[in-house]
2 protein chains.
Amino acid sequence: MELTGRKMKILAAIVDAYVATGEPVGSKLLALDLGVSSATIRNEMADLVEMGLLEQPHTSAGRVPSQKGYRLYIDRIMERKPISQAERLYLDGLLHSTAYDPERLLDNASQTLAGVTKFAAVSTSPSGGLADIRAVQFVQTSRRTAMIILLSSAGTMKNRVFRCDFDLTPEILRIFFRVINEKTAGMPVSGITPAFIQSFAASLGEMTILMSSALMALLEVAQDSLETDVCLNGQMNLLFYPEFERGNARRVMDFLERPQDLARLLLEQPGSVHVLVGRESQRPELSESSVVVARYAIDGHDAGAIGVIGPTRMDYAKLVPSVEYLAQSVGKMLTELMKEE
Amino acid sequence: MELTGRKMKILAAIVDAYVATGEPVGSKLLALDLGVSSATIRNEMADLVEMGLLEQPHTSAGRVPSQKGYRLYIDRIMERKPISQAERLYLDGLLHSTAYDPERLLDNASQTLAGVTKFAAVSTSPSGGLADIRAVQFVQTSRRTAMIILLSSAGTMKNRVFRCDFDLTPEILRIFFRVINEKTAGMPVSGITPAFIQSFAASLGEMTILMSSALMALLEVAQDSLETDVCLNGQMNLLFYPEFERGNARRVMDFLERPQDLARLLLEQPGSVHVLVGRESQRPELSESSVVVARYAIDGHDAGAIGVIGPTRMDYAKLVPSVEYLAQSVGKMLTELMKEE
DNA sequence: TTTAGCACTCGAGTGTTTAGAGTGCTAAAC
DNA sequence: GTTTAGCACTCTAAACACTCGAGTGCTAAA
């Protein structure tokens, strides 16, 4: 069966109405909008159901877009609603306060996104997989404890407090700094393995004991850097949608509480913006949810992603540009930050 | 009417059974346990209802403890179930991994508590209100950005990345360190006000421009230190309780999402452990929820609190010792950390 | 004071009925 | 061939009646 222009119009109208109201859409409502009778609409709707683009909750109910219907709507029908100048300024303003700290910036970004969309929002930290060590810094935090800070070329910055069995002095910290940076500066973060630490320690001769806790901390902080951090915000927003009234919320929440899975989901999406409707995500927990993801790049290199998760009934036309813009902003800010080396 | 020993026994049995099953408790069930007939129990139960200690959802249902009933149970009847050696070891083991970083320790503590209790858990950072500045450290994080780290006598450690309009050098950072520590070391964190920063800047003469962004960062980081951080974990656990099936969860969640309110609630509780049943918290959002809070002390001085929030139907006898133990552990670990100055 | 017995109440579950929304189909109109 | 008016049909949600059983309160005897 052919998908005529009018069928597209009807599908679009149904998506719009359903997204707005959450109620199945009947033929009468559309007849007004399109200037034909409700009977005509009904004929067309029957075709659309046959084509798998609409669904009927039950015989005497209106129609609801199927996941395939949303897909078609997204790919071929919807007109993106660009975000206004005012909205841009608003978003940028919110992001600005955390411009100099990648970790806080990304948390802020997902918080912001959750706030404006009223869905759950997620962001991943710049992927550290291929990053090099830019520097390793030490700061004394008490008589016997110090903080190690690892700065990577991906812009991540991880710290960890560790403890020595002897009193620290600026002199000792300077030794930590020199010895560790001489050996590791410029090497890939992923090169800091237990084996590397072991051989490193062995090469230190009588200093081994002095440095052991610092080296352990280095290992931990490097492993931390390699992991993709995931910031999740606004899960609670989901409780407000009738789609998640019952126990349905729990399955989604379960998924959201697994950061690794969340990161994988975000990062495996291609393209600058990508929409996953329901089962398209291949995640049973999300079979009734949709995901809008946008990637951000640092200095032209793909680095991470940011997205929203909510019920399939969402305003894709509005969301896609919002998520995309936010990802671009984040990328721009991180690039700016990196440019200064 | 007098509260006889048997009445107490019946109340205790009802609380125990109701906490375990979630179903109103009928007279037959108790007759078995107490060796008297169900009619006798019914008479007693009628008295307990009259005294306001029990409630009846409807005429032909069993009894449920009222909030007043829980209160009496907690104050005069329940025997605390001390936590086992194995549980102690388990908890301590979980806490141990973050022993050297107060912030992470407290997040870990509330995470742990949420995990073992299956309720929502909250912890506050050591209150910074009266703390002094122990040291202010600087670390270069890129050509023009640096991290300022404020260590307070309360054990908090806050950092912030800031940016200068000129290239940083170790020499400049050393100046930042010297100038700022000379002026601020030992002074109360609360003394770092905008006015103080302004007069400080004014006193620097030609160095004012050099230091301005560092001073702004100092102000921000001091204000951060003064704020009580609140770590919330396991909100999602609440969704599993029938008490929160409907929209009821939302009101509680709303409250949980307001960190200041949460902090106030925790910190205004007296004593080492405190239980708030339902409306006792004076928070309408929590009128159907209970809170178990324990305070932790650093070096003998009251510093913060940690607690759980869940439906009024909770196993207080088990929870109270758990929360108390965790708070003690946290306090001990933080004291340890501080002792080394 | 306790208990057996019994009538009573109420909720949960199960049909039944009704109203209304929305459909599919048909036959006429365009 | 397409569109539309008309109408019979289907299904849901809400209202109502009915039953079952758990649990009660009361009474009178132990």
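Note on naming: letters A, B, ... go to the chains in the order of the sequence lines (proteins, then strands), and numbering restarts at 1 for each one.
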message = For a quick test of reading the model: is some side-chain N or O of Ser60(A) closer than 4.0 Å to OP1 or OP2 of dA21(C)?
response = no
inquiry  = Closest approach to the side chain of Met45(A), judged atom by atom: which nucleotide of dT12(D), dT4(D), dT23(C) is it?
reply    = dT23(C)
ask   = Do the side chain of Gln269(A) and the main chain of Leu265(A) share a donor and acceptor less than 3.5 angstrom apart?
value = yes
ask   = For DNA chain D, what is the dot-bracket line, given that a base pair needs Watson-Crick (N1 to N3, plus N6-O4 or O6-N4) or G-U wobble (N1-O2 and O6-N3) geometry with both distances under 3.5 Å, and | means paired with another strand?
value = ||||||||||||||||||||||||||||||
ask   = Rounded to the Å, how far apart are Lys28(B) NZ and dT24(D) C1'?
value = 11 Å
key: Lys7(B) NZ - dT2(C) C1' separation (whole Å)   = 14 Å
query = With no angle test and no hydrogens, is the base of dC10(C) tied to the side chain of Thr59(B) by a donor-acceptor pair under 3.5 Å?
reply = no
task = Consider only side-chain N and O atoms of Thr312(A) and Gln67(A), and report whether a donor and an acceptor are under 3.5 Å apart.
result = no
Inter-residue atom distance Lys7(B).NZ - Glu44(B).CD, 0.5 Å rounding = 4.0 Å
query = dT3(C) phosphate, OP1 or OP2: any side-chain N/O from Ser37(B) under 4.0 angstrom?
reply = yes
query = Going through the checks in order, is the side-chain contact (heavy atoms from CB on, under 4.5 Å) test met by Arg6(B) and Val36(B)?
reply = CA-CA 11 Å; Arg6(B) 192 168 67 183; Val36(B) 290; 4.2 Å; yes
ask   = Closer than 4.0 Å, any side-chain N/O of Arg63(A) to the OP1 or OP2 of dG24(C)?
value = yes
request  = Round to the nearest Å and state the distance from Leu29(A) atom CG to dG22(C) atom P.
outcome  = 9 Å
request  = Please answer whether the main-chain N or O of Phe255(A) pairs with a side-chain N or O of Asp261(A) as donor and acceptor at a distance below 3.5 Å.
outcome  = no
query = Just by modelled atom types, is the Val19(A) backbone N or O under 3.5 Å from a matching donor or acceptor in the Asp315(A) side chain?
reply = no
request  = Would you kindly give the CD-to-C1' distance between Glu44(B) and dT24(D), to the nearest whole Å?
outcome  = 16 Å
task = For Gln56(B) and dA22(D), give me the distance from atom CD to atom P, rounded to whole Å.
result = 17 Å
Whole angstrom value for the distance that separates P of dC25(C) from CD1 of Ile41(A) = 17 Å
task = Would you confirm whether the ring centroid of Tyr73(A) sits within less than 6.0 angstrom of the ring centroid of Tyr316(A)?
result = no
task = Could you state the atom-to-atom distance from CG of Leu30(A) to C1' of dA21(C) in whole Å?
result = 15 Å
key: Whole-Å gap separating P (dG25(D)) and CG (Leu54(B))   = 11 Å
task = Assign each of Thr40(B) and Ala46(A) to its nearest nucleotide of DNA chain C by heavy atoms, then name whichever residue's nucleotide is nearer the 5' end.
result = Thr40(B)
remark   = Closest of dA4(C), dT23(C), dT2(C) to the Ala39(B) side chain is dA4(C)
ask   = For dT2(C), does OP1 or OP2 lie under 4.0 Å from any side-chain N or O of Arg42(B)?
value = no
